[in-house]
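Working notes, structure below.
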Amino acid sequence: MFYVSGVEMRKRQAAHIEAPAPAPGQPRPNTCCLCWCGCCKCLWNEDRMERSERQTCKMDSIEAGDEQHPTLDEVLSWARSFELMLRSLEGREVFREFLRSEYSEDNLLFWLACDELKTETNPAVVEEKARIIYEDYVSILSPKEVSLDSRVREGINQSLAEPSNLMYEEAQLQIYTLMHRDSYPRFLNSSVYRDLLASRRRTCLDT
């Protein structure tokens, strides 16, 4: 059996600690402050490997002229931020597909309609769109009615007399919170998201 003395081990550790810092632009050694041996199970290394995977895939896609969307980097970003996913056209489409399977697609459609209303400045257009949103998603007679508490509903009813492009802001936030808290975690664990992620990883390996 190969034996390393305590003195020899201390020399190796000292050599590692006292090694000169890499010059600017040089790659960082495969080590971290908690894992001087550079073992593959180190959390720093796992994070570095994921960053490397995203960067390699991005470079391969550019070199191969891959124009498919979404990219692996985008799909990974959706798991880090609900907001990033909603602001991504592809992210919204995939999330909408999942919500459709849970019969809650109307939550996202309402959120998008409210977001679009915010950009309107023409009073006539604002009034028309505000009425449509009410009839489609707020009225208790609508089959697409979203879940809003009584206080928010009362505020919307009062705003109907003089509609504004921000009249649904509180209701939009309430639905956003509902999707973020309830639907989003299930989406990340769903086959819709996991299959897409696996597909983009395979695409990166093939390029």
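Residue numbers count from 1 along this sequence. Because the structure is a prediction, the values reported are computed rather than measured.
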Under the salt bridge (charged side-chain N to carboxylate O under 4.0 Å, His left out) rule, what do R131 and E128 come out as? Steps first, then yes or no, please. CA-CA 5 Å; R131 180 185 61 80; E128 176 67 10; 2.6 Å; yes
Would you call K118 and Q172 a side-chain contact if the rule is heavy atoms closer than 4.5 Å? yes
Please list every donor-acceptor pair under 3.5 Å in which a side-chain atom of residues 175-182 meets a protein atom from a residue at least two apart or in another chain.
from : atom 1 : to   : atom 2 : distance (Å)
Y176 : OH     : E83  : OE1    : 3.0
T177 : OG1    : L173 : O      : 2.9

In Å, rounded to the nearest 0.5 Å, how long is the span from OH of Y184 to CG of L99? 13.0 Å
Please list all pairs passing the ring-ring contact (aromatic ring centres under 6.0 Å, His included) test where one or both residues lie in residues 87-109, with sequence neighbours left out. F82-F95, F95-F187, F98-F187
Quick one: do E93 and E97 satisfy side chain to side chain contact (heavy atoms under 4.5 Å, CB included)? Show the steps, please. CA-CA 6 Å; E93 287 302 312; E97 179 185 347; over 6 Å; no
Taking salt bridge (Lys or Arg N to Asp or Glu O under 4.0 Å) as the test, write out the residues that go with E154, two or more places apart. none
Pair V146-L109, side chain to side chain contact (heavy atoms under 4.5 Å, CB included): steps then yes or no: CA-CA 10 Å; V146 297; L109 296 179; over 6 Å; no
Within-4.5 Å side-chain heavy-atom neighbours: L196 and W78: yes
List for me each residue that meets side-chain hydrogen bond (donor to acceptor under 3.5 Å, both in side chains) alongside N189, sequence neighbours excluded, and say none if there are none. R194
List the steps, then state whether salt bridge (charged side-chain N to carboxylate O under 4.0 Å, His left out) holds for D115 with R87. CA-CA 11 Å; D115 223 40; R87 295 304 175 185; 2.8 Å; yes
Who pairs with L197 by side-chain contact (heavy atoms from CB on, under 4.5 Å), at least two apart in sequence or on another chain? L72, V75, L76, Y193, R201
So salt bridge (charged side-chain N to carboxylate O under 4.0 Å, His left out) across residues 137-151, not counting sequence neighbours, yields E145-R153, R151-E170
Do the side chains of D73 and R200 get nearer than 4.5 Å, heavy atoms only? no
Applying salt bridge (Lys or Arg N to Asp or Glu O under 4.0 Å) to R92 and not counting sequence neighbours gives none
If we only count heavy atoms from C-beta on, is the M167 to L160 side-chain gap below 4.5 Å? yes
Hey, could you give me each pair passing ring-ring contact (aromatic ring centres under 6.0 Å, His included) that has a residue in residues 125-149? Not counting sequence neighbours. F110-Y137
Side-chain heavy-atom pair L166, L117 within 4.5 angstrom cut-off: no
I need the M85 CE to S77 OG distance, nearest 0.5 Å. 10.0 Å
Assess whether side chain to side chain contact (heavy atoms under 4.5 Å, CB included) is satisfied between T119 and N165, documenting all intermediate values. CA-CA 7 Å; T119 66; N165 61 349; over 6 Å; no
Residues in side-chain hydrogen bond (donor to acceptor under 3.5 Å, both in side chains) contact with S88, at least two apart in sequence or another chain: E90
Residue list, salt bridge (Lys or Arg N to Asp or Glu O under 4.0 Å) with E116, at least two apart or on another chain: K129
Which residues pass the side-chain contact (heavy atoms from CB on, under 4.5 Å) test with N122, not counting sequence neighbours? A124, V125
Start with the C-alpha gap between L86 and L112, add the side-chain angles, then the distance that decides, and say whether side chain to side chain contact (heavy atoms under 4.5 Å, CB included) holds. CA-CA 9 Å; L86 282 188; L112 291 171; over 6 Å; no
